[in-house]
Structure formats: structure tokens, C-alpha cells
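Only this structure's heavy atoms are used, side chains among them; waters, hydrogens and symmetry mates stay out. Numbers restart at 1 for each chain; the letters A, B, ... are given by sequence-line order, proteins then strands.
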Amino acid sequence: MPELPEVETTIVGLKPIVGSLIHNIKIHTPKLRFLIPKNILLLKNYIKIQSIDRRGKYIVISLSNDHSMVIHLGMSGRLILTTVAKFIKKKHDHFILCTNKEHLLVFNDPRRFGFLDYDKSSNILSRNYFLKMGIDALDKTLTGILLFEKIKTSEVPIKQLLLNQHIIAGIGNIYASEILFDAKISPLEKGRDLNIKDCNKIIVSIKKILRKAIISGGSSLRDYVSADGTLGNFQNNFKVYNKEGKKISGSIIRKIVQYGRASYYCPKLQKKK
DNA sequence: CGGGCCACCTGGCGGC
DNA sequence: TGCCGCCAGGTGGCCC
């Protein structure tokens, strides 16, 4: 479930272990998308978890030894916060971190498209995935003009541009459809055909939809993170995603495939210019 | 360089 | 019931 709102929700759920000390780490699967750096196993000396933050869809855990862990959830990754007493190892539990307060942070990922990185914080900051990352979707300085400048010459459809993390970071395939529906803009519209007014609308919709999703997702969390593998409550709020053939305001929702990925939209309410 | 497309994985679902 | 093909919330790397 990992688009920006799910990552944000995950981070909120991890708050209980901020300030805790790392007691032990176990790697059950050495290679996810990439190899897990083996020196992460040296984290047994009661290093403190100083903060847990989000950058785009990445989770950054800063530690007191001037190192950081970075976690990306890929398509199917989840972080589950539980306790030693309650824990039963499940299939696809690849990585487990135990704190001095007997909290367990478990990384579960059936498809293994996620990854886990660990290095000196100064090195982490200059990783390619951070250097190339665009402005965060919820960054206050993200404006319509900024988006316009980035896409004004592109022949690529706006749906695909919204998925490009080098332009704006955090939007995934579900929310891209939801955002364009909210903005009343066709997913087929090319970047170069959108004016500043269109871009302003898109930015307003990005912030509105993502914030709403965070609020809905957050409410379903308790003692573990990312709830039950669904999108918190927000899935009930989808207007177009996965709703092919259904009607909205009397108009049919269509599914098309762009660059191998499903887009849902209402051709009547999202007319191409 | 921008852009198009595939690869990387497992699991769930619908159709036959 | 079983098998098969298709689909899935992401993105790095290859090609042109």
C-alpha cells in the first residue's frame, strides 16, 4: 500500500519506538530488491533511534551513531510494530529489529520489491535515490507554477508525469487517478498541453487527496503499523480507482492502460482539450 | 538527455 | 478441484 499517505501513516505508527535503543537485529532474507548491507548487524550496541521521517515514499530512521537506515516498501512491503511476547514469525518476514523495550519492528514484503539501506548519514544523503528525488508532494513550496515549469515541454501524459518521482515525490498509481479526477483533468493530457491554471488545479488536488488519505489511513491504526494490508479507511473513499463501469454523477468510469499501468477516469468529467 | 519498455517477485483472482 | 493467465499500490536499468 505504499504511496505517500501509507508511508506517512506507517511512520506515525512507528512513533512508539522513537527514543528506544536497538537491542538486536535479524536478517531472514539477505536480498530484497537489493542486498541488505551486512554492517547493519553491528547495530547491537544499544544505539538510539533518534527520529523516523518520510522523504517521498522512503522511510528514514536516524540513529545515534551518525548512521541512518532507509526503508522503501516497494509494492507489497509493510512495517509491523509488535512486541516480543506477541510475535509469531510469518512468511515473508525478512527483517526484524528488537528494541530495549521489547518492541519488534518487522519488515514483511511478499514480492520483495522493497529494500533496506544502511550507512553513515552523510553517505545516505548522497544516495542516488535521494539526489534524483523531486519535491515532496506535500511540500509547502510545491506550486502550480513549479509543476508547470517541470512539465511544460513534455509529450508524456500527465498521469505518467505524476508517477515520476523525479518530478514530484510521493504519488503512486492509485492516487494519480484520484487526483486527476478531482482536478477534472484527463489522464491522457500531455504535459505540454497543460497551462498554469491546470497545474494549479492539479496541485490543489494533490494536497487535498493526499491529506484526506492520511487522515483516513491514520484512524485505522493501533498497535501495529499499516493495519491489515489495506489502505486504512481511504479505500472506501476512492472515487474512480478500481471502479470501471460504475457511474459517477451519471457518467461511466473507464479503465485504460497507460505505460502498462491502469488509469481510471471519467471521460465526461475529465475532457481532453 | 528524455522517453518507452522490461525485469524483478509472489499471491490472488477469474475463467475454463 | 486444478491449472493458467492475468493483474497488483514501484522503480532501476536497459535500449533508442
Side-chain angles (χ1 to χ4, degrees), chain A residues 1-10 28-36 54-59 70-79 90-95 107-117 127-134 136-137 149-181 187-188 190-192 206 209-210 212-214 216-217 220 225-245 255-264:
Chain A
M1 38 258 68
E3 298 186 37
L4 184 152
E6 292 70 42
V7 177
E8 184 68 30
T9 300
T10 295
H28 292 285
T29 311
K31 185 177 178 289
L32 301 173
R33 175 155 199 152
F34 308 114
L35 278 175
I36 299 176
R54 181 187 63 74
R55 290 184 65 181
K57 299 177 190 170
Y58 294 78
I59 295 164
V70 176
I71 297 171
H72 193 287
L73 299 174
M75 287 279 257
S76 57
R78 256 184 283 169
L79 283 175
K90 296 199 190 68
K91 202 172 181 182
H92 308 302
D93 284 347
H94 304 303
F95 174 90
F107 183 41
N108 181 289
D109 185 5
R111 294 178 72 180
R112 283 185 266 137
F113 287 170
F115 72 84
L116 203 154
D117 200 0
R127 288 289 200 265
N128 247 339
Y129 51 76
F130 282 147
L131 292 182
K132 290 187 177 173
M133 184 179 295
D136 192 272
E149 289 300 325
K150 290 191 184 192
I151 68 173
K152 66 183 180 186
T153 62
S154 178
E155 296 280 346
V156 175
I158 183 62
K159 163 73 186 332
Q160 205 58 24
L161 292 170
L162 288 181
L163 293 182
N164 185 340
Q165 304 298 300
H166 304 157
I167 299 174
I168 295 175
I171 300 166
N173 200 46
I174 290 178
Y175 295 114
S177 283
E178 294 296 320
I179 286 162
L180 289 173
F181 175 75
L188 295 161
K190 291 175 181 173
R192 60 176 296 163
I206 285 173
I209 297 291
L210 295 183
K212 260 176 78 176
I214 290 169
S216 306
S220 70
V225 179
S226 212
D228 52 4
T230 67
L231 275 178
N233 293 326
F234 193 77
Q235 56 192 336
N236 304 323
N237 294 338
F238 292 163
K239 295 276 203 301
V240 290
Y241 187 82
N242 231 348
K243 307 246 184 214
E244 183 184 21
K255 174 184 176 178
I256 56 174
V257 176
Q258 298 178 278
Y259 298 80
R261 311 208 66 193
S263 300
Y264 297 87

>> Using whole Å, what does the distance between atom P of nucleotide C:dG13 and atom NE2 of A:His166 come to?
In response: 10 Å
>> Side chain of A:Asn173 only, heavy atoms from C-beta on: which candidate in C:dG12, C:dG10, C:dA8 is closest?
In response: C:dG10
>> Only pairs with both distances under 3.5 Å count, Watson-Crick or wobble alike; so what is the partner of C:dC16 in this structure?
In response: B:dG2
> Hey, is the main chain of A:Thr153 close enough, under 3.5 Å, to the side chain of A:Glu155 for a donor-acceptor pair?
Replying inline: no
>> With heavy-atom distances below 4.5 Å as the criterion, would you say the side chains of A:Phe107 and A:Ile71 are in contact?
In response: yes
> Once you round it to whole Å, what is the distance between C1' of C:dG12 and CE of A:Met75?
Replying inline: 14 Å
> Are OP1 or OP2 of B:dG11 and a side-chain N or O of A:His92 less than 4.0 angstrom apart?
Replying inline: yes
> Separation of A:Leu73 atom CG from C:dA8 atom C1', in whole Å?
Replying inline: 16 Å
>> Are more than 12 heavy atoms, taken from residues, nucleotides or ligands other than A:Lys239, located less than 6.0 Å from that residue's NZ atom?
In response: no
>> Any side-chain N or O of A:Tyr175 below 4.0 angstrom from OP1/OP2 of C:dG9?
In response: no
> Within this structure, what is the CZ-to-P distance between A:Arg192 and B:dG2, rounded to whole angstrom?
Replying inline: 16 Å
> Using a cut-off of 4.0 Å on non-hydrogen atoms, how would the nucleic acid contact of A:Phe115 be classed: base, sugar-phosphate, or nothing?
Replying inline: nothing
> How is A:Gln165 classified with respect to the nucleic acid when contacts are heavy atoms under 4.0 Å: base, sugar-phosphate, or nothing?
Replying inline: sugar-phosphate
> From the list C:dA8, C:dG12, B:dG4, which nucleotide is the closest neighbour of the side chain of A:Lys255?
Replying inline: C:dA8
>> Return whichever of A:Lys57 or A:Asn128 has its heavy-atom-nearest nucleotide of DNA chain C closer to the 5' end.
In response: A:Lys57
> With side chains defined as the heavy atoms from C-beta onward, is the minimum distance between A:Leu162 and A:Ile206 less than 4.5 Å?
Replying inline: yes
>> Strictly distance-based, threshold 3.5 Å: is any side-chain N or O of A:Gln258 a donor or acceptor partner for the main-chain N or O of A:Pro187?
In response: yes
> If only side-chain N and O atoms of A:Ser76 are considered, is one of them under 4.0 Å from the OP1 or OP2 phosphate oxygen of B:dT10?
Replying inline: no
> Per the side chain to side chain contact (heavy atoms under 4.5 Å, CB included) rule, which among A:His94, A:Arg111, A:His72 passes with A:Leu32?
Replying inline: A:His94
> Side-chain N or O of A:Lys132 less than 4.0 angstrom from OP1 or OP2 on C:dG12?
Replying inline: no
>> What is the separation between atom CZ on A:Arg55 and atom P on C:dG10, rounded to the nearest whole Å?
In response: 19 Å
>> Determine whether a donor-acceptor pair (one donor, one acceptor, N or O, separation below 3.5 Å) exists between the side chain of A:Arg112 and the base of B:dC9.
In response: no
> Is there a donor and acceptor pair closer than 3.5 Å between the side chain of A:Arg33 and the base of C:dT11?
Replying inline: yes
> Between A:Tyr264 and A:Phe181, is the ring centre distance below 6.0 Å?
Replying inline: no
>> Can you measure A:Asn242 atom CG to B:dG12 atom P for me and round it to whole angstrom units?
In response: 17 Å
> What does C:dC4 pair with, Watson-Crick or G-U, if both distances are under 3.5 Å?
Replying inline: B:dG14
> B:dC9 and C:dC14: how far apart are their P atoms, nearest whole angstrom?
Replying inline: 15 Å
> A:Pro2 has a side chain; which of C:dG12, B:dT10, C:dG9 sits nearest to it?
Replying inline: C:dG9
>> Of the options B:dG3, C:dT11, B:dC9, whose atoms approach the side-chain atoms of A:Val156 most closely?
In response: B:dG3
> From the list C:dG12, C:dG9, B:dT10, which nucleotide is the closest neighbour of the side chain of A:Arg111?
Replying inline: B:dT10
> So which nucleotide from B:dG11, B:dC8, B:dC9 ends up closest to the side chain of A:Pro110?
Replying inline: B:dG11
> Does a side-chain N or O from A:Arg261 land closer than 4.0 Å to OP1 or OP2 of C:dC7, or not?
Replying inline: no
>> Without decimals, in angstroms, what is the distance between A:Asn164 CG and B:dG3 C1'?
In response: 10 Å
> Less than 5.5 Å between centroids and less than 30° between ring planes, does A:Phe113 satisfy that with B:dC8?
Replying inline: yes
>> Between P on B:dT10 and CG on A:Asp109, what's the gap in Å once rounded to a whole number?
In response: 11 Å
> Expressed in whole Å, how much space separates the P atoms belonging to B:dC6 and C:dC6?
Replying inline: 14 Å
